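See below for the structure under consideration.
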Amino acid sequence: MSPADDASNPGRHEGGPSRYDAAAVEARWRAAWDEAGCFRASRDDARQKYYVLEMFPYPSGRIHIGHVRNYAMGDVIARYKRATGFTVLHPMGWDAFGMPAENAAMERGVEPAGWTRENIAVMKDQLALMGLSLDWSREIATCEPDYYGQQQALFLDMMEAGLVARRASMVNWDPVDNTVLANEQVIDGRGWRSGALVERRELTQWFFRISDMADELLEGLDSLEKWPEKVRAMQRNWIGRSEGLELRFDLTPDARAPEWTGRDGRGVEVYTTRPDTIFGAGFLGLSPDHPLAKAIAAQNQEVAAFCEEARRGGTTEAALETAEKTGVDTGLRARHPFVDGRELPVWIANFILMDYGSGAIFGCAAHDQRDLDFARKYGLDVLPVVAPSDADEDFTVDAEAYTGPGRLINSRFLDGMTIEEAKAEVISRIAATGRGRARVNYRLRDWGVSRQRYWGCPIPVIHCATCGVLPAPRENLPIRLPEKVSFDQPGNPLDRMPEWTRVACPACGAEARRETDTMDTFVDSSWYFARFTAPHAETPTDRDEAGYWMNVDQYIGGVEHAILHLLYARFFARAMIRTGWLPATCAEPFDALFTQGMVCHETYRAADGRWLTPEEVERRDGATVERATGAEVSVGPSIKMSKSKKNVVSPEAIVATHGADAARWLMLSDSPPERDVEWTASGVEGAARHIQRVWRLVDGAADALGQAAFIGADAEISLRRATHRAIAGVTADIESFAFNKAIARLYEFAAAIGQSGEAAGPAARREALETLALLHMPFTPHLAEEMRARLGLGGLAAEAPWPQADPTLLRADTLRLPVQVNGKRRGEIEVPTDADPAAVEAAALADADVHRALAGAKPRKVIVVPGRIVNVVV
RNA sequence: GCGGACGUGGCGGAACGGUAGACGCAGCGGACUUAAAAUCCGCAUCCUCCGGGAGUGUGGGUUCGAGUCCCACCGUCCGCACCA
């Protein structure tokens with residue numbers, strides 16, 4: 001039985017169009033799609049492939065409206081591409097490792113694995129309600145051994161390829177989550193998840209050597225033309241390339257630091273991007289973490305106390321904001337490289353970072369604001385060496401450093417040069433002496449991936465007392481995470497499981513210990529897009545499948561991942577090329593990126609300050625009141641939905657009352673996809689109203705259509721023109737990601753059909769309604785199926801080809817052209833579409849309104865823009 | 001401070017340099033109805049002496065013609081921020 005037979009549509013009754021029962025209709029068609037298996041991705045050499053991917057969700061247990069918008073966008077693309085002849089890969093999975101599962105374990109005594117799997121099951125059911133055209137046979141969850149075991153194999157490959165490092169480093173320690181954070185995960189001195197103030201500790205950590213690829217990752221950005229400029233700019237800033245000079249200053253011999261000074265001393269390496277200001281150098285500055293600073297601190301109480309204080313203050317938000325520059329004089333002296341006898345004092349200063357450059361600078365107070373603030377505070381020299389072109393003889397710097405362009409002064413052999421000339425000259429002279437060289441520096445640091453957590457991918461290495469750190473044997477992969485664990489003590493439960501950590505050394509066979517650190521969950525999401533091409537392969541990827549499906553043609557997700565996730569994924573793609581898991585063409589794995597805006601809602605607050613959910617309030621006599629009490633509530637601005645402000649709507653509730661199609665429709669209408677969209681009750685109702693109207697159009701007309709031929713009447717042609725204009729317009733709008741405009745055209749098209757009437761004839765009306773169904777398919781897929789079935793068509797809308805616009809119907813015979821006089825609109829003429837410019841000009845000048853506006857003046861010039869406008873200039 | 005995006009009716013937003021305000025929401029009027037809901041049709045930037053005039057954050061400029069391009073401001077949002 002066809003799903004559209006009247007017997008299965010209890011909403012129909014005699015005497016008029018039925019009401020469209022979304023809940024019943026939608027479930028029926030989802031079952032039909034499942035049965036037909038029409039969303040399963042399959043290789044097909046007769047078609048072009050298209051890989052569309054939305055960022056996979058963390059299985060928190062509940063989908064939210066932001067997911068609906070994100071996945072609805074991807075689904076429009078997937079369905080449209082399928083209809084236009086592509087073989088489409090549109091997969092879904094779960095970013096399933098991470099802290100919330102451990103928190104749930106600690107708070108509720110559940111096991112992270114079970115908790116996560118239950119959440120996945122619930123969310124999968126909720127997602128299913130949306131009618132997304134996903135290939136669920138490729139579902140992956142990063143917490144399953146199938147997946148993380150392959151990730152361990154990748155880790156071992158990356159070790160062999162020299163992409164992994166293990167070293168002691170100062171780390172950002174989150175004292176609440178008890179874990180290490182990457183620099184990117186520290187926001188304003190606080191953990192990105194816990195919000196706790198981050199401390200600095202030294203630990204031995206695993207790193208991916210992403211900074212080795214800094215240049216490649218930077219250059220690659222230029223080729224990403226289909227990425228938002230904003231994201232590329234953010235990545236560029238993050239990588240932070242700078243060009244400068246690395247230069248060693250000799251220190252005058254000093255007994256307090258014999259290793260660094262004197263005949264065989266090491267001196268101090270500094271990095272500068274302003275080598276031209278070398279003659280303005282007033283002091284040398286060291287980071288409190290600099291080895292020389294530490295050496296001095298070891299024998300000097302005052303210096304030790306200062307370094308301790310600077311380190312502590314360094315990460316607090318307050319310290320960063322007040323940002324007062326402080327320092328301590330070490331008493332050491334450095335020799336100026338070009339001026340015999342000039343010596344610079346060596347200071348330790350709190351604003352110098354150990355992990356950038358060499359952890360030491362030369363301070364040029366006149367041309368760097370930080371150095372100037374510091375010099376003024378401690379009475380150090382301020383000697384200007386660059387003067388703007390309009391400066392007089394004795395140019396000086398007062399409270400503001402001069403950082404603009406100009407010519408060198410007070411600089412011996414550099415005097416008169418531009419900054420660029422002086423830079424080159426200094427670099428070449430320093431290089432000639434062997435004291436230094438030109439150097440490119442990056443802000444980007446290596447990616448620390450060790451996490452002292454349980455619920456993550458175990459790092460597959462073994463620690464042996466005699467053999468050192470060894471990779472786990474490949475035949476033992478996956479290193480499974482034990483699922484029975486206890487969280488009754490703080491810290492990582494793996495540390496307390498000798499039966500898991502005890503292992504034989506793969507080299508000598510003696511008892512050894514497994515690594516108990518797990519990987520940052522950003523690792524999991526750095527290659528899932530590649531795994532989707534062969535989700536069940538026994539190796540990380542199947543090279544053949546990856547070669548076929550990669551790259552992702554369209555990636556869609558939130559702009560909050562603009563830096564971290566996307567940079568890591570770009571790094572991983574390169575690492576997987578080097579280890580042979582991806583073809584060389586995949587260095588940039590996402591051809592096009594789209595970042596969608598957030599979903600916002602008004603906020604409601606009761607007089608006593610309680611936040612209220614949208615369900616708890618209603619409109620009564622023009623006021624917004626709390627449903628339960630009738631008391632008026634204050635309505636706040638529409639902001640991003642968040643649990644704390646309670647301005648959230650539940651996708652399930654919306655789907656239950658209005659249907660998934662209405663929710664999808666609303667999420668795509670009105671606002672451009674890249675901008676925030678507002679969820680309003682009237683908006684949902686409007687969406688649901690449109691769906692009912694479209695259904696009535698079909699249901700009311702279907703029985704009278706039959707199979708007739710075109711008759712050639714004016715009304716028929718006019719309806720057919722509307723139909724083909726809608727095809728052309730909606731197609732162009734989907735292609736350019738302008739879903740809101742596509743939807744506006746569908747409103748117009750539906751209105752045009754509604755007004756067309758009997759005179760248009762059954763053939764044109766059938767064509768219009770069938771087209772209406774197809775054009776709705778990417779947006780409201782269930783409705784489209786129901787419409788087509790009601791029109792007596794076989795097969796599925798999901799598998800039907802996209803309609804083609806007939807170019808002859810896109811052009812009218814005549815055209816209304818506005819006529820301007822001196823740039824102001826004065827009249828309108830109707831001319832044949834193919835009229836030549838001379839005829840159009842004549843018609844324009846003959847128009848009565850134009851004639852009146854001219855008021856007898858003689859046209860000097862007439863500009864005819866074919867098909868657009870006429871402008872008469874007097 | 002640096003980088004980026006953006007400023008259009010009551011609101012969300014349309015507009016290859018060519019009729020500013022498509023489409024939707026809210027509003028107003030009408031039809032249908034005993035009435036309401038639903039539905040359908042219509043009106044809606046402002047001013048006006050009804051000829052027109054003004055109007056896309058502000059001020060200039062380029063152009064036959066500017067919301068759109070250029071310059072300078074003002075404002076909003078986002079990201080980064082002691083990176084030498």
Side-chain angles (χ1 to χ4, degrees), chain A residues 16-17 19 187-188 228-238 240-242 244-245 270-274 277 285 287 314 319-321 323-325 349-353 355-364 367-371 373-374 403 441-445 559-560 562-563 600 638 665-666 669-672 674-678 680-687 689-690 692-693 696 729 738 740-749 751 754-755 816-828 852-853 859-874:
Chain A
R19 190 162 173 81
I187 294 154
D188 292 337
E229 183 48 44
K230 173 190 175 126
V231 173
R232 294 197 287 170
M234 284 163 75
Q235 294 220 350
R236 238 175 246 128
N237 284 344
W238 193 262
R241 184 180 197 273
S242 69
L245 169 69
V270 305
Y271 175 74
T272 179
T273 56
R274 290 296 302 273
T277 62
S287 162
L320 280 179
E321 274 181 15
E324 194 189 347
K325 285 155 189 60
N350 66 341
F351 63 93
I352 302 168
L353 308 174
D355 17 331
Y356 186 79
S358 54
I361 61 158
F362 75 72
C364 178
H367 304 291
D368 182 294
Q369 192 59 48
R370 296 159 300 180
D371 296 348
D373 295 344
F374 189 75
T403 56
N441 222 335
Y442 297 94
R443 204 186 86 106
L444 181 69
R445 319 278 155 75
V559 75
E560 66 272 21
I563 298 175
C600 299
S638 187
W665 183 264
L666 174 63
S669 55
D670 292 349
S671 288
E674 68 276 13
R675 259 194 254 176
D676 291 352
V677 67
E678 189 178 7
T680 60
S682 57
V684 198
E685 283 152 22
R689 198 151 55 220
H690 173 73
Q692 292 294 345
R693 180 186 304 134
R696 272 197 313 275
N740 56 323
K741 292 197 293 181
I743 281 177
R745 288 183 201 275
L746 289 171
Y747 276 117
E748 272 176 311
F749 183 32
Q755 285 168 4
R816 300 187 81 79
L817 282 185
V819 181
Q820 296 179 329
V821 175
N822 283 343
K824 289 194 189 297
R825 183 181 179 281
R826 296 298 174 179
E828 195 172 68
R852 187 156 46 84
R860 271 198 302 129
K861 192 169 161 194
V862 179
I863 292 146
V864 177
V865 184
R868 302 238 56 133
I869 204 164
V870 180
N871 192 7
V872 181
V873 187
V874 295

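Quick note: numbers below take in every heavy atom, side chains included, and nothing from hydrogens, waters or symmetry partners. The structure presented is a predicted model; accordingly, all values stated were derived computationally and were not measured. In the text below, chain A, chain B and the rest are named by the order of the sequence lines, each starting its count at 1.
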Does [X] have any side-chain hydrogen bond (donor to acceptor under 3.5 Å, both in side chains) partners at least two apart in sequence or in another chain, and if so, which?
| X | result |
| --- | --- |
| Arg860(A) | none |
| Arg693(A) | none |
| Arg689(A) | none |
| Gln692(A) | none |

Which atoms of nucleotides 1-4 of chain B (N or O only) lie under 3.5 Å from a protein N or O atom, and what are those distances?
none

Of all the choices, [options], which nucleotide is nearest to the side chain of [X] once you look at every atom?
| X | options | result |
| --- | --- | --- |
| Ile869(A) | rG18(B), rA14(B), rU39(B) | rG18(B) |
| Ser242(A) | rU39(B), rA22(B), rA84(B) | rA84(B) |
| Asn740(A) | rA84(B), rA14(B), rU19(B) | rA14(B) |
| Ala744(A) | rG18(B), rG13(B), rC23(B) | rC23(B) |
| Tyr356(A) | rA84(B), rC23(B), rU39(B) | rA84(B) |

Please give the distance between the [atom1] atoms of [N] and [M] as a whole number of Å.
| N | M | atom1 | value |
| --- | --- | --- | --- |
| rG17(B) | rG79(B) | C1' | 32 Å |
| rG9(B) | rA26(B) | C1' | 12 Å |
| rC82(B) | rC74(B) | C1' | 30 Å |
| rA84(B) | rG10(B) | P | 47 Å |
| rA22(B) | rU8(B) | P | 16 Å |

Under a 4.0 Å N-O cut-off, is there an ion pair linking Asp368(A) with Arg274(A)?
no
Looking at every non-hydrogen atom in both residues, tell me the closest pair between [X] and [Y] and how far apart they are.
| X | Y | value |
| --- | --- | --- |
| Ser358(A) | Val270(A) | OG-CA, 3.3 Å |
| Met234(A) | Ala562(A) | CE-CB, 3.8 Å |
| Tyr356(A) | Tyr442(A) | CE1-O, 3.6 Å |

Only stems of 3 or more consecutive Watson-Crick or G-U pairs count here, both distances under 3.5 Å; name the ones for RNA chain B, or none.
B:1-7 with B:74-80, B:10-12 with B:23-25, B:27-31 with B:39-43, B:45-47 with B:52-54, B:57-61 with B:69-73
Which whole-number value in Å describes the distance from [X] [atom1] to [N] [atom2]?
| X | N | atom1 | atom2 | result |
| --- | --- | --- | --- | --- |
| Asp373(A) | rA84(B) | CG | C1' | 14 Å |
| Gln755(A) | rC40(B) | CD | C1' | 10 Å |
| Asp371(A) | rA84(B) | CG | C1' | 7 Å |
| Glu674(A) | rG79(B) | CD | P | 17 Å |
| Arg745(A) | rC23(B) | CZ | P | 12 Å |

If you measure from CH2 on Trp238(A) to CZ on Arg443(A), what distance do you get to the nearest 0.5 Å?
4.5 Å
State the CG-OG1 distance between Asn441(A) and Thr272(A), to the nearest 0.5 angstrom.
11.0 Å
Short question: side chain of Ser287(A), backbone of Ile352(A) - any donor-acceptor pair under 3.5 Å?
yes
Is a side-chain N or O of Asn871(A) found less than 3.5 angstrom from the main chain of Gly823(A), in a donor-acceptor match?
yes
Need to verify one output field. Residue with the more 5' nearest nucleotide on RNA chain B, Pro866(A) or Ile352(A)?
Pro866(A)
Along RNA chain B (nearest heavy atom to each residue), the more 5'-positioned of Gly357(A) and Pro818(A)
Pro818(A)
Ring pair (Phe, Tyr, Trp, His ring centres under 6.0 Å) filter on His690(A), not counting sequence neighbours, yields Trp665(A), Tyr747(A), His776(A)
Partners passing ring pair (Phe, Tyr, Trp, His ring centres under 6.0 Å) against Phe362(A) (at least two apart in sequence or in another chain):
none
Polar pair under 3.5 Å, donor/acceptor by atom type, side chain Lys741(A), base rC23(B):
no
Taking only side-chain N and O atoms of [X], does any of them lie within less than 4.0 angstrom of OP1 or OP2 on [N]?
| X | N | result |
| --- | --- | --- |
| Gln692(A) | rA38(B) | no |
| Asn350(A) | rC82(B) | no |
| Arg675(A) | rG13(B) | yes |
| Arg443(A) | rA81(B) | yes |
| Arg236(A) | rG79(B) | no |

Write down the protein N/O and nucleotide N/O pairs, taken from nucleotides 53-56 of chain B, whose separation is under 3.5 Å; answer none if there are no such pairs.
unit_1  : atom_1 : unit_2    : atom_2 : d
rG53(B) : OP1    : Arg826(A) : NH2    : 3.3
rG53(B) : OP2    : Arg826(A) : NH1    : 3.3

The complete set of salt bridge (Lys or Arg N to Asp or Glu O under 4.0 Å) pairs with one or both residues in residues 229-238 of chain A, sequence neighbours excluded, reads Asp222(A)-Arg236(A), Glu229(A)-Arg232(A), Glu229(A)-Arg236(A)
At 4.0 Å (heavy atoms only), tell me whether Pro672(A) reaches a base, stays on the sugar-phosphate, or touches nothing.
sugar-phosphate
What one-letter contact string describes nucleotides 61-68 of chain B from 5' to 3', where B marks a base within less than 4.0 Å of any protein heavy atom, S marks contact via sugar-phosphate atoms alone, and - marks no contact?
---BS---
Just by protein heavy atoms under 4.0 Å, how would nucleotides 24-33 of chain B read 5' to 3' in B, S and -?
SSS-------
If the glycosidic angle sits within 90 degrees of zero it is syn, else anti. Tell me which applies to rG65(B).
anti
Is the base of rG51(B) syn or anti, where syn means the angle lies within 90° of 0?
syn
Dump the intermediate steps for side-chain contact (heavy atoms from CB on, under 4.5 Å) on Asn740(A) and Asp670(A), then the final yes or no.
CA-CA 5 Å; Asn740(A) 56 323; Asp670(A) 292 349; 5.8 Å; no
Step by step, would you call Lys325(A) with Asn350(A) a side-chain contact (heavy atoms from CB on, under 4.5 Å)?
CA-CA 6 Å; Lys325(A) 285 155 189 60; Asn350(A) 66 341; 4.3 Å; yes
Quick one, Val872(A) with Asn822(A), criterion side-chain contact (heavy atoms from CB on, under 4.5 Å). Give me CA distance, side-chain angles, the key distance, then yes/no.
CA-CA 6 Å; Val872(A) 181; Asn822(A) 283 343; over 6 Å; no
